[in-house]
Amino acid sequence: MTINSLPARTDAPAGTDPEKKPARRDGRRLLRERAGRTHHAGPLAYILLVVMAVLSIFPLYWTMVAASTDNTRVSQTPPPFLPGPNLFSNLARAWDEAAMGKAMINSTIVAGVIALSTVFFATLAGFAFAKLRFKGRNVLLTLVIGTMMVPPQLGVVPLFMMMSELGWSQQLPAVIFPTLVSAVGVFFMRQYLSEALPDELVEAGRVDGAHSLRIFWSIVLPVARPAMAVIFMITFVHAWNDFFWPFVVLDMTNPTVPVALTQLSAGYVRDQSLIMAGALLGTLPLLAMFIVFGRQIVSGIMAGAVKG
């Protein structure tokens with residue numbers, strides 16, 4: 001048999017068709033081209049976005065309108081839909097009558113400490129539940145999740161007695177220490193790190209001789225930044241708006257913003273415009289914080305979504 005009569009050799013393994021490879025490569029290239037395209041939203045999507053934006057902004061706009069008029073005009077039918085001339089005078093009255101200066105300082109301290117501690121402890125516990133192997137991990141995680149099902153109102157009486165025994169009644173530590181970490185934050189961070197943090201990174205740190213805290217500081221924290229930003233924002237807003245427990249444990253001499261606003265509704269005749277002015281004052285710091293840090297938070301969320 002001559003060399004020319006030998007059958008042509010193919011590098012394809014047995015059971016495969018070499019003609020399918022170009023088609024498979026073309027399919028992958030087509031998917032990459034489609035992934036790189038910019039998808040334009042249709043008119044219906046823009047209409048829905050505009051409607052949702054208007055519905056979201058309208059309560060804040062109505063608060064500003066009600067705060068800029070007097071109580072008689074607010075109570076009329078139909079109510080006003082354009083701002084009035086009394087906005088700054090009502091804001092000044094609400095600031096003085098509700099002692100909003102001290103209340104905002106207290107709320108900033110309370111919300112800031114609670115948000116920072118929740119971010120730190122939730123990230124630490126989320127890393128332990130997501131990537132560390134130890135006895136009783138599933139049982140502990142079940143207990144943490146189970147606490148989310150218990151209404152906080154059930155623990156008000158024993159918690160108040162505990163704060164009184166510690167001498168913290170009517171003081172800010174009574175509001176801060178019971179909420180230094182939340183089960184929602186731990187569960188959220190555990191779910192995030194389970195997907196965003198590869199096991200190979202943790203194992204590589206182990207191989208290099210790093211202990212758990214070193215791995216947490218050098219590997220986990222950079223990966224968890226997007227989720228940490230989300231937890232900080234949600235926790236800060238929740239702590240700033242919390243009313244029930246601060247109202248129970250604090251008095252009017254050392255209030256947070258929601259507690260201070262109750263002074264504006266005292267009396268037989270409630271001045272709705274004054275109450276709305278106080279509510280607007282209490283909302284402005286949250287709006288300012290979101291305007292300053294909103295872009296970083298959204299970009300962090302998008303970066304975490306791309307990594308996941």
Side-chain angles (χ1 to χ4, degrees), residues 106-134 136-156 159 162-163 172-199 201-202 212-213 215-246 249 256-258 285-286 289-290 292-294 296-305 307-308:
N106 290 341
S107 289
T108 302
I109 295 173
V110 170
V113 173
I114 291 175
L116 290 175
S117 65
T118 300
V119 167
F120 176 74
F121 290 117
T123 307
L124 195 62
F127 165 62
F129 284 126
K131 298 300 176 180
L132 300 184
R133 301 294 181 264
F134 54 91
R137 183 184 66 164
N138 295 332
V139 175
L140 290 176
L141 182 60
T142 303
L143 291 176
V144 171
I145 297 174
T147 59
M148 298 166 56
M149 305 177 185
V150 180
Q153 290 80 5
L154 295 180
V156 168
L159 188 59
M162 186 184 301
M163 295 298 108
L172 296 183
V175 182
I176 294 174
F177 277 86
T179 53
L180 285 177
V181 67
S182 65
V184 177
V186 173
F187 180 73
F188 177 83
M189 187 60 71
R190 186 260 178 189
Q191 296 299 109
Y192 178 84
L193 291 178
S194 296
E195 298 294 334
L197 180 63
D199 295 334
L201 287 179
V202 180
S212 297
L213 291 179
I215 293 174
F216 175 77
W217 183 262
S218 301
I219 298 176
V220 177
L221 288 183
V223 175
R225 283 177 184 173
M228 292 168 63
V230 175
I231 292 178
F232 181 87
M233 175 64 75
I234 294 175
T235 306
F236 189 93
V237 172
H238 181 269
W240 182 278
N241 294 328
D242 189 19
F243 170 76
F244 181 71
W245 175 242
V249 77
T256 57
V257 169
L286 297 179
M289 185 182 69
F290 187 79
V292 174
F293 299 105
Q296 287 79 1
I297 293 173
V298 173
S299 61
I301 295 173
M302 297 302 298
K307 288 182 180 179

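As a basis for the values below, the full set of heavy atoms in this structure was taken, side chains included, without hydrogen atoms, waters or symmetry mates. Numbers here are sequence positions counted from 1. Quick caveat: nothing in here was measured; it's all calculated off a predicted structure.
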>> Looking at every heavy atom in both Val186 and Ala125, which two are closest together, and how far apart are they?
In response: CG1-CB, 3.9 Å
> Within a strict 4.5 Å, meaning less than it, do heavy atoms of the Met233 and Phe290 side chains meet?
Replying inline: yes
>> Minimum heavy-atom separation for Ala224 and Met189, please, with both atom names.
In response: CB-SD, 4.0 Å
> If you round to the nearest 0.5 Å, how far is OG1 of Thr235 from CG of Leu180?
Replying inline: 11.5 Å
> Where do Pro178 and Leu159 come nearest, in terms of heavy atoms and distance?
Replying inline: CB-CD2, 3.9 Å
> Between Thr123 and Met228, is any pair of side-chain heavy atoms under 4.5 Å apart?
Replying inline: yes
> Closest approach of Val202 and Phe127, non-hydrogen atoms and distance?
Replying inline: CG2-CE1, 4.5 Å
>> Which heavy atom of Ala174 sits nearest to which heavy atom of Val249, and what is that distance?
In response: CB-CG2, 3.5 Å
> So, do Trp240 and Val257 sit near enough that their side-chain heavy atoms are less than 4.5 Å apart?
Replying inline: yes
>> Once rounded to the nearest 0.5 Å, what's the spacing between atom CG of Leu201 and atom OG of Ser218?
In response: 12.0 Å
> Where does the angle between the aromatic ring planes of Phe134 and Phe129 fall among parallel (under 30°), tilted (30 to 60°) and perpendicular (over 60°)?
Replying inline: tilted
> Does a side-chain heavy-atom distance below 4.5 Å link Tyr192 with Val230?
Replying inline: no
>> Using the side-chain hydrogen bond (donor to acceptor under 3.5 Å, both in side chains) criterion, which residues pair with Asp199? Sequence neighbours excluded.
In response: Lys131
> Is Met148 atom CE crowded by more than 12 heavy atoms from other residues, nucleotides or ligands, each under 6.0 Å away?
Replying inline: yes
> Hey, which of Leu193, Ile234, Ile231 is the one that makes side-chain contact (heavy atoms from CB on, under 4.5 Å) with Phe188?
Replying inline: Ile231
> If we only count heavy atoms from C-beta on, is the Leu286 to Phe236 side-chain gap below 4.5 Å?
Replying inline: yes
> When rounded to the nearest 0.5 angstrom, what is the spacing between CZ in Phe187 and OG1 in Thr147?
Replying inline: 11.5 Å
>> Can you give me the closest heavy-atom contact between Thr118 and Ile114, atom names plus distance?
In response: OG1-O, 2.7 Å
>> Within the structure provided, determine whether Trp245 and Thr179 are in side-chain contact (heavy-atom separation under 4.5 Å).
In response: no
> Do Phe120 and Val181 come close enough that some side-chain heavy atom pair is under 4.5 Å?
Replying inline: no
